[in-house]
There are 2 protein chains.
Amino acid sequence: MMSDNRSPRPQRSLPLAVRDDLLRFMDEQQLGPGDQAPTEAQASQMFGVSRSTAREALRLLEQDGVITVVHGRGRFLSAAGTLRVERPISKFESVTEMLEALGYEPKSAVLSVEQAPASAQEASDLSIAQDDPVIRLFRLRFTDDEALIYSVDVIPRDFLPGPIAHRDWSGSLTTALAAQGHAIVSSVARLRAVNLPREVEDRYSLHDLGPWLLIEETCVSRSGQKVLYAQDYHRGDQMAFNVIRRR
Amino acid sequence: MMSDNRSPRPQRSLPLAVRDDLLRFMDEQQLGPGDQAPTEAQASQMFGVSRSTAREALRLLEQDGVITVVHGRGRFLSAAGTLRVERPISKFESVTEMLEALGYEPKSAVLSVEQAPASAQEASDLSIAQDDPVIRLFRLRFTDDEALIYSVDVIPRDFLPGPIAHRDWSGSLTTALAAQGHAIVSSVARLRAVNLPREVEDRYSLHDLGPWLLIEETCVSRSGQKVLYAQDYHRGDQMAFNVIRRR
DNA sequence: CGGTGATCGGTTGTCTGACATCATGCCCCA
DNA sequence: TGGGGCATGATGTCAGACAACCGATCACCG
């Protein structure tokens, strides 16, 4: 029997901790697709939590596609659990975080910053009024003199107060927004294969770098506001993205 | 107060029904981002279910990014609810299904079919032994004489028995596999922006169609077997993919 | 008068126990 | 031997209670 030595730091919620315990347990037991996962009763006893909490933990596993539930029978390992994928795109992370996870030391060149009234497109994407002031930030991420990402970020002016001239824009926008109480918790993104816009190619000498993967992303803060609209052009020969798909 | 006229048709689970009721309710009330959603107590009373069920329904909404929960305060609408995401890529669908959902009438040209020993790459991707026999299927999807997708499908021979010469390869591979008891339930995909391989461009006259979005996808069946390795090249100017991201 | 800590009402998180519903396999009987 | 009822074990739902947390109010004290 396993002890519930989880007393010192709940920190994250109990169900999350139990979920991880369950994952560890099933990993140790070398369970494969089709095998039965611990039942609610077993899980609650194994880890010393109530059935509700155990049930919640199992539901988290179901949400991740690790198990599927059959009423009256039990829960069973699904095939998706065997597919481990690192950094799925469905997990939000900032460009900075992503590059660091890839082992790059992300350097960032600020091409320009400006404050301007929102275009119709931007206003629509950010659910603000047209001509509301926004900050537009053009940057180039690179490593070892190799361009990796050309990005355009649009932020409603209110979310990032203070003079734009004296801020260090080379750092992470998401942490800057988080410092203002607008931590990003989710986003909706759209992926397309494109060429870099001609004028960008010309202005920054980014010719002949092949196709780019454009990610247009609207980011939502914890309070439910759209705080950032980003267009990130990723070098196709350098960057790739993984995703788990389920029926 | 709302009545619980849900007696005749449970059908789908109770929490799912309550979730939809909640969505309708919040829509009628014209709640916007930042507004508070019904509490667990309110929801359980409104729809005549226990608090556990109401809680579960609210959790489903949270899972969809419609609301965010704050311990001790309540649940609040997120702007993500206003961003409706059609056909998120995390939801598995076959190329045929996708094209139909886009309103295309997918026509499919079989460029070639062959049986051959698996390459090292293919063997690794499909977790089979090198030189195990596989079927290789090269196709072009198009509509109105416009090429949309160039695809290469690799299937271990065992999963699709019978003579390969007399099969209609223009239909959906996933349904063919499902008919053999190998229905695809999940997959791992990798997205990249690329140019079409030179020899493919030349052979099929696919020049000057701009960048392509390459999706390399390993599909697994319910029993956990890897039954299909697909490379789908999507025309960048025609196809785009959406995804919801969460921290 | 102003700051500060206690208290309270509201909300989500967790626990306990019970019953309903569903799926399966066994046993008994016709 | 075949079939139906039933025991068993699993998830689904219900009810009630208490804990943890947050925000606002209010009384107290310097």
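Sequence lines set the chain letters: A, B, ... in the order given, protein chains first and strands last, and positions in each chain run from 1. These numbers were taken from a predicted model, which means no experiment stands behind them.
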- Task: Mind running side chain to side chain contact (heavy atoms under 4.5 Å, CB included) on A/E217 and B/R245 for me, showing each step along the way?
- Result: CA-CA 9 Å; A/E217 189 171 21; B/R245 312 181 69 191; 2.8 Å; yes
Rounded interatomic separation in angstrom, taking [atom1] from [X] and [atom2] from [N]:
{"X": "A/F76", "N": "D/dT11", "atom1": "CZ", "atom2": "P", "value": "8 Å"}
{"X": "B/E62", "N": "C/dT11", "atom1": "CD", "atom2": "P", "value": "17 Å"}
{"X": "B/E56", "N": "D/dC14", "atom1": "CD", "atom2": "C1'", "value": "14 Å"}
{"X": "A/H71", "N": "C/dA20", "atom1": "NE2", "atom2": "P", "value": "13 Å"}
{"X": "B/Q45", "N": "C/dT11", "atom1": "CD", "atom2": "P", "value": "12 Å"}
{"X": "A/E40", "N": "C/dT14", "atom1": "CD", "atom2": "C1'", "value": "15 Å"}

- Query: Which residue lies toward the 5' end of DNA chain C, B/R73 or A/R51, if each is placed at its nearest nucleotide?
  - Reply: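 Final value for this comparison: B/R73.
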Scan [X] against the nucleic acid and name what it touches under 4.0 Å (heavy atoms): base, sugar-phosphate only, or nothing.
{"X": "B/S52", "answer": "base"}
{"X": "B/R55", "answer": "base"}
{"X": "A/R75", "answer": "sugar-phosphate"}

- Query: Just checking, any donor-acceptor pair under 3.5 angstrom between side chains of A/Q121 and A/S119?
  - Reply: no
- Taking atom types as modelled, find out whether B/K226 and B/S127 have a side-chain donor-acceptor pair closer than 3.5 angstrom.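 A donor-acceptor contact under 3.5 Å links the two side chains.
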- Query: Of A/A41 and B/G72, whose closest DNA chain D nucleotide lies nearer the 5' terminus?
  - Reply: A/A41
- From CA spacing to verdict: side chain to side chain donor-acceptor pair (under 3.5 Å), A/R222, B/S78: CA-CA 8 Å; A/R222 172 160 292 110; B/S78 153; over 6 Å; no
What's the closest nucleotide to the [X] side chain, out of [options]?
{"X": "B/S50", "options": "D/dC14, D/dT11, D/dA20", "result": "D/dC14"}
{"X": "A/P15", "options": "C/dT11, C/dT14, C/dT21", "result": "C/dT14"}
{"X": "A/L14", "options": "D/dA10, C/dC15, D/dC21", "result": "C/dC15"}
{"X": "A/T39", "options": "C/dT14, D/dC14, D/dT11", "result": "D/dT11"}

- Message: Using modelled atom types and a 3.5 Å cut-off, is there a donor and acceptor pairing between side-chain atoms of A/R157 and backbone atoms of A/L160?
- Response: yes
- Given D/dG12, is OP1 or OP2 found less than 4.0 Å from the side-chain N or O atoms of B/T53? no
